[in-house]
S.K.: 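Take a look at this one; I'll ask things after.
The sequence lines fix the lettering, A, B, ..., with proteins before strands; numbering per chain opens at 1.
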Amino acid sequence: MDNKKKILLIDGNSIINRAFFALPPMDNGDGLHTNAVYGFLTMMFKMIKNIQPTHISVAFDLKAPTFRHKAFADYKAGRKGMPSELAMQLEPLKNILDSMNIDRKELEGYEADDILGTISRIGEENDFSVYVVTGDKDAIQLASDKTLVMITKKGVAEVEEYNTEGVIERYGLTPAQFIDLKGLMGDKSDNIPGIPGIGEKTGIKLLQEFGSVEGVIENVDKLKGAQKKKVEENTESAIMSKELATIDRNIPLDLSFEDMEFGSFDVQAVIKEFQKLKFNSLISKLSELTDCEEKEVEKKEINKLEDIETFIEKINEEGVLSIKTICREGNILDKNIIKTFLSIDGKEYYYLDGEEIIALKEILESEEIEKIGYELKQDFVALRPYGIYLGNIKFDISIAEYVIESKSSSSYDIDSIANKYLYKKVMTKDELLGKGAKSLSFEEVDFENLKDYIIGIFDTVFGVIEAMEKSIIDDGMEMLFYDVEMPLIAVLGDMEYTGIMVDKDVLNELDLEIKELIYDAEKKIFSLAGEEFNINSPKQLGVIIFEKLGLPVVKKTKTGYSTNAEVLEKLMDEHEIIRLISDYRTVVKLKSTYIDGLNSVINEKDGRIHSTFNQTIASTGRISSTDPNLQNIPVRTNIGRNIRKVFISENGRKLVDADYSQVELRVLAHMSGDENMIEAFSSGEDIHRKTASQVFNVSLDDVTPELRSAAKAVNFGIIYGKSDFGLAKDLNISLARAKDYINSYFGKYDKIKGFMDEIVANAERTGYSTTMFNRRRYIPEIKSNNFIDKNRGKRAAMNAPIQGSAADIIKIAMVNVHNRLFEEGLKSKLILQVHDELIVEAVEDELEIIEALLKEEMENAVYLDVDLDVDLNIGNSWYETK
DNA sequence: GGAATCACG
DNA sequence: ACGTACGTGATTCCA
């Protein structure tokens, strides 16, 4: 089966039918069901990818009666018609096949089976390797050394393959005898009678002995008892059944292999069809199918913008501007722009050199002119040193893709966006600059190449906005995208550009202290171990404590002994070296990640640290912070908390730290509508204490610290979908008691239970869960057959609406705080966000205004069925704001 | 470049 | 019976 000529034959009705029943309902938002088409195409794409056929044909049944109906009035009697949800999907499927130039065949009086049988025969005669895909086992009779029959099992994704040998192996019969088997056993689904009482096993046995239906009949005398009687009484039925089950491989079919050739089609037309059905994920798979014409990036001119006046006039007319700055590596505070590329309509592209961009300041800052682009925060920040504040950021395609397709580990680079929406290959930054040691900078790169890179970005921006906008509206994310995510770009850009002041002296003092601690700990560890080794190497450390010192192994990792904090905690009483190792780990972490790490990113010009805030990373909608990560500065331990003394306010300013109190639990109370939980919050009591009293049925005064901490653990566990096992482990209680806690928790807060169950059920059906503001998180694992993956998917599904809604809320607050600071002409700056906490560096004159402003905007960002509560703390350093 | 570890909400 | 809390980022070791 290694011919160059390969023909893929698909039983269209059989496969679309299977797909319909195997896949959960899907629709395109316009009432058109799409699951069967989607399933069909997924299967077909997979086959094309695996088989690489040169020819394809899809056969369909027609409604008209076939020769089988004429021969046997009851043929297929009792079969229900197609459900309308499936019937409505036939035309769209046929349209897609047509637009992909895939041959379709249907012939009055015959079934799809007969078409496949005939083509496969002619194909074999013409030296093709033939691949037949269907859900109907009848087709097994077509199997041969040249024809591989693939029968779908479990939906449409997996198939069982049969060639001659495969049939013999599985049934002990030749493919031709498979027809005889049908003749004997009949087929309920087609209402073919066969011989009542003879099933697959008996049928196979008889055929192995007598060869065929006719053989069985001739030798009926050799049979005994009831079996003999059955065969005698149903001779005619058996012969007729065999006839009905025989695929007619000689039907009068017009066919030319030329028509069935597969490979070239109008990709853009197919994409349009897919977009109608919302099959975005399939669009990106088109490129895997065939190397047929990828749409080339059009060669375009990018000219120096000479006539700025006319350009500005035109912008004012159009009202939209796309921009991409290209910068040299350098200090965020310096003017680093090499070139700024501009386009108004996606047709004409221009550039300006370096500082020339200042000529467009008014337009760039204009609230009238809408700015569109890709990763516009970079441009926003790049323009700041020129005194330009990019205004009215309307549409950023990287963030649009993030809200449209939010799932874990997805990338939103320009190439994947272009590929998905436009089926275009565009140049990536890596392709432009190269990777690794040989990589170039933007300054070194050839200008012609740079132009192609920019054309790719602009073409993509202008090409995808319409489709993205439609997705955003269809999914109900207009408010989230236009009123939260887009304005947030400038907020985050400002935070990055402003940075946070650090006290280098404090940092150096801490460094000296910690060096001492590390040195002392090292010395003691080596002496207790009796040798020197690399304490930072879990491998070497494992050898020392588990082999040399013989401590009991608590847990293993993939690669060896586990030596993490939890394990060390368990070994604490076994040997005094453990405490030292644990402390050593703590201080080394502080030095490497925080002291050395922060030291290396202090901006030499302003003595501040300028982190980058990422808006398209976290699958739940949170913001993340890198270079450095300012969202994981130590706070939980006394020694670690000292790092916060490094983050200070400038002279004449104060840090105002505002944090939401229990925002995730409040979100949960609101979203679930649970009256008891809502009451718990409105009582104003400490929430974990109140929960303890409600769940354990004791008066508030009788809540012991143990009960409170149990309630706290359950409260948090609920947010993450924690199991009884995990709770038992954390609280160090029996599994039974942990179960008890959870049961009484859900007994008291029964709507929370219902809410969680509903989220999981919805996610299993739709594949995603949503926040209060319709932010989606896609969780494909929840449909997995793997128990572990599926459960992880369920927990992610339960957590995403809570964590994500809280993220939405603080983003709204950030936009509102930022707007008020601007509108009221205040000099204080929002400089940090740590998920439920905002930090403003306030000038002292504005301190009271800022306190009120922060509290007001954060508490009123949204209105929930429970109040949002914000705690304020003021200090000269982050350490003091506690 | 992945694994292990540990810092945060 | 399964394996056992969601979401991040940085550092270090080691193949």
Side-chain angles (χ1 to χ4, degrees), chain A residues 406 408-409 436 533-542 555-568 581-582 584-598 600-601 611-614 617-637 639-641 643-644 659-665 668 713-730 735 738 742 769 777 779 784-804 806-807 810 832-837 878:
Chain A
S406 194
S408 48
S409 80
F533 65 100
N534 188 345
I535 312 171
N536 293 319
S537 161
K539 200 177 158 193
Q540 293 181 36
L541 180 66
K555 208 172 85 180
K556 290 213 154 199
T557 65
K558 268 185 224 166
T559 53
Y561 309 112
S562 173
T563 65
N564 67 23
E566 202 188 323
V567 170
L568 296 182
I581 290 166
S582 176
Y584 173 88
R585 282 248 174 97
T586 308
V587 289
V588 164
K589 173 87 178 175
L590 289 177
K591 176 154 168 67
S592 64
T593 301
Y594 298 103
I595 295 176
D596 298 345
L598 292 174
S600 69
V601 290
S611 176
T612 303
F613 294 98
N614 304 297
I617 301 282
S619 48
T620 51
R622 276 190 175 179
I623 291 163
S624 86
S625 156
T626 48
D627 303 308
N629 182 356
L630 293 182
Q631 292 179 322
N632 71 346
I633 303 301
V635 68
R636 291 173 189 169
T637 63
I639 178 157
R641 194 152 53 235
I643 299 289
R644 296 193 168 214
D659 71 291
Y660 279 116
S661 155
Q662 305 298 349
V663 63
E664 292 192 341
L665 277 179
L668 175 61
V714 181
N715 269 333
F716 281 104
I718 296 303
I719 291 175
Y720 303 135
K722 192 177 196 170
S723 66
D724 41 19
F725 180 93
L727 186 68
K729 203 172 83 172
D730 273 14
L735 190 62
I742 292 173
S769 55
R777 170 171 177 186
I779 306 157
S784 165
N785 292 322
N786 179 308
F787 177 88
I788 301 166
D789 290 348
K790 190 181 178 70
N791 278 339
R792 193 175 302 129
K794 284 185 185 177
R795 294 193 296 266
M798 289 188 269
N799 175 259
I802 303 171
Q803 188 182 115
I810 197 164
L832 264 185
Q833 187 251 41
V834 193
H835 309 309
D836 64 355
E837 169 186 15
W878 201 358

S.K.: For A:Pro634, give me all partners under side-chain contact (heavy atoms from CB on, under 4.5 Å), at least two apart in sequence or on another chain.
M.R.: A:Leu590, A:Tyr594, A:Ile643
S.K.: Using both pair distances under 3.5 Å as the test, note the stems of at least 3 consecutive Watson-Crick or G-U pairs that include DNA chain C.
M.R.: B:1-9 with C:6-14
S.K.: Just verifying a value: how many Å separate A:Arg641 CZ and A:Trp878 CH2, rounded to the nearest 0.5 Å?
M.R.: 13.0 Å
S.K.: Can you sort out the partners of A:Lys589 under salt bridge (charged side-chain N to carboxylate O under 4.0 Å, His left out), two or more places apart, ordered by chain and number?
M.R.: none
S.K.: Kindly state which residues belonging to residues 556-564 of chain A come within less than 4.0 angstrom of DNA chain B, counting heavy atoms of the residue only, listed by number.
M.R.: A:Thr557, A:Lys558, A:Thr559, A:Ser562, A:Thr563, A:Asn564
S.K.: Quiz question: by atom type and distance under 3.5 Å, do the side chains of A:Asn614 and A:Thr626 form a donor-acceptor pair?
M.R.: yes
S.K.: Sub-3.5 Å donor-acceptor pair from the side chain of A:Gln631 to the main-chain atoms of A:Gln833, do we have one?
M.R.: yes
S.K.: Using chain A heavy atoms and a threshold of under 4.0 Å, write down where along DNA chain B the contacts begin and end, 5' to 3'.
M.R.: B:dA3 to B:dG9
S.K.: Which part of the nucleic acid does A:Ala565 contact within heavy-atom distance under 4.0 Å: base, sugar-phosphate only, or nothing?
M.R.: sugar-phosphate
S.K.: Taking only residues at least two apart or on different chains, which pairs with a member in residues 714-724 of chain A satisfy salt bridge (charged side-chain N to carboxylate O under 4.0 Å, His left out)?
M.R.: A:Lys722-A:Asp730
S.K.: Could you pull out all residues at least two apart from A:Arg585 that satisfy salt bridge (charged side-chain N to carboxylate O under 4.0 Å, His left out)?
M.R.: none
S.K.: Do any N or O atoms from the side chain of A:Thr612 and from the backbone of A:Asp627 form a donor-acceptor pair under 3.5 angstrom?
M.R.: no
S.K.: In the 5'-to-3' direction, what one-character label does each nucleotide of nucleotides 10-15 of chain C receive under the scheme B = base within less than 4.0 Å of a protein heavy atom, S = sugar-phosphate only, - = no such atom?
M.R.: SSSSSS
S.K.: In whole Å, I'd like the distance from the CD1 atom of A:Ile779 to the C1' atom of C:dC6.
M.R.: 11 Å
S.K.: Please list, chain by chain and in numerical order, all residues satisfying ring-ring contact (aromatic ring centres under 6.0 Å, His included) with A:Tyr584, sequence neighbours excluded.
M.R.: none
S.K.: For C:dT4 and B:dG9, measure between their P atoms and round to the nearest Å.
M.R.: 25 Å
S.K.: Output a table of nitrogen or oxygen pairs between the protein and nucleotides 1-4 of chain C separated by less than 3.5 Å.
M.R.:
unit_1 : atom_1 : unit_2   : atom_2 : d
C:dT4  : O2     : A:Ser723 : OG     : 2.7

S.K.: May I ask you to test the A:Tyr561-A:Val567 pair for a side-chain heavy-atom distance under 4.5 Å?
M.R.: no
S.K.: Could you list the residues that satisfy salt bridge (charged side-chain N to carboxylate O under 4.0 Å, His left out) with A:Lys790, not counting sequence neighbours?
M.R.: A:Glu764
S.K.: Need one value for A:Ile719: base, sugar-phosphate or nothing, where a base atom within 4.0 Å counts as base even if backbone is also close, heavy atoms only.
M.R.: nothing
S.K.: Are the side chains of A:Tyr660 and A:Glu837 in touch, meaning some heavy atoms are under 4.5 Å apart?
M.R.: no
S.K.: Nearest whole angstrom, please: distance from the C1' of C:dG7 to the CD of A:Gln833.
M.R.: 13 Å
S.K.: Output all residues satisfying salt bridge (charged side-chain N to carboxylate O under 4.0 Å, His left out) with A:Arg795, sequence neighbours left out; order by chain, then residue number.
M.R.: none
S.K.: Is any side-chain heavy atom of A:Thr559 less than 4.5 Å from a side-chain heavy atom of A:Lys539?
M.R.: no
S.K.: Check whether any side-chain heavy atom of A:Val834 lies under 4.5 Å from a side-chain heavy atom of A:Leu630, and answer yes or no.
M.R.: no
S.K.: Check the distance between C:dG7's P and A:Lys722's NZ and give it to me in whole angstrom.
M.R.: 15 Å
S.K.: Are the side chains of A:Arg777 and A:Thr620 in touch, meaning some heavy atoms are under 4.5 Å apart?
M.R.: yes
S.K.: Rounding to a whole Å, what distance do you find between A:Leu630:CG and C:dT8:P?
M.R.: 18 Å
S.K.: Touch check for A:Arg636, heavy atoms < 4.0 angstrom, all strands: base, sugar-phosphate only, or nothing?
M.R.: base
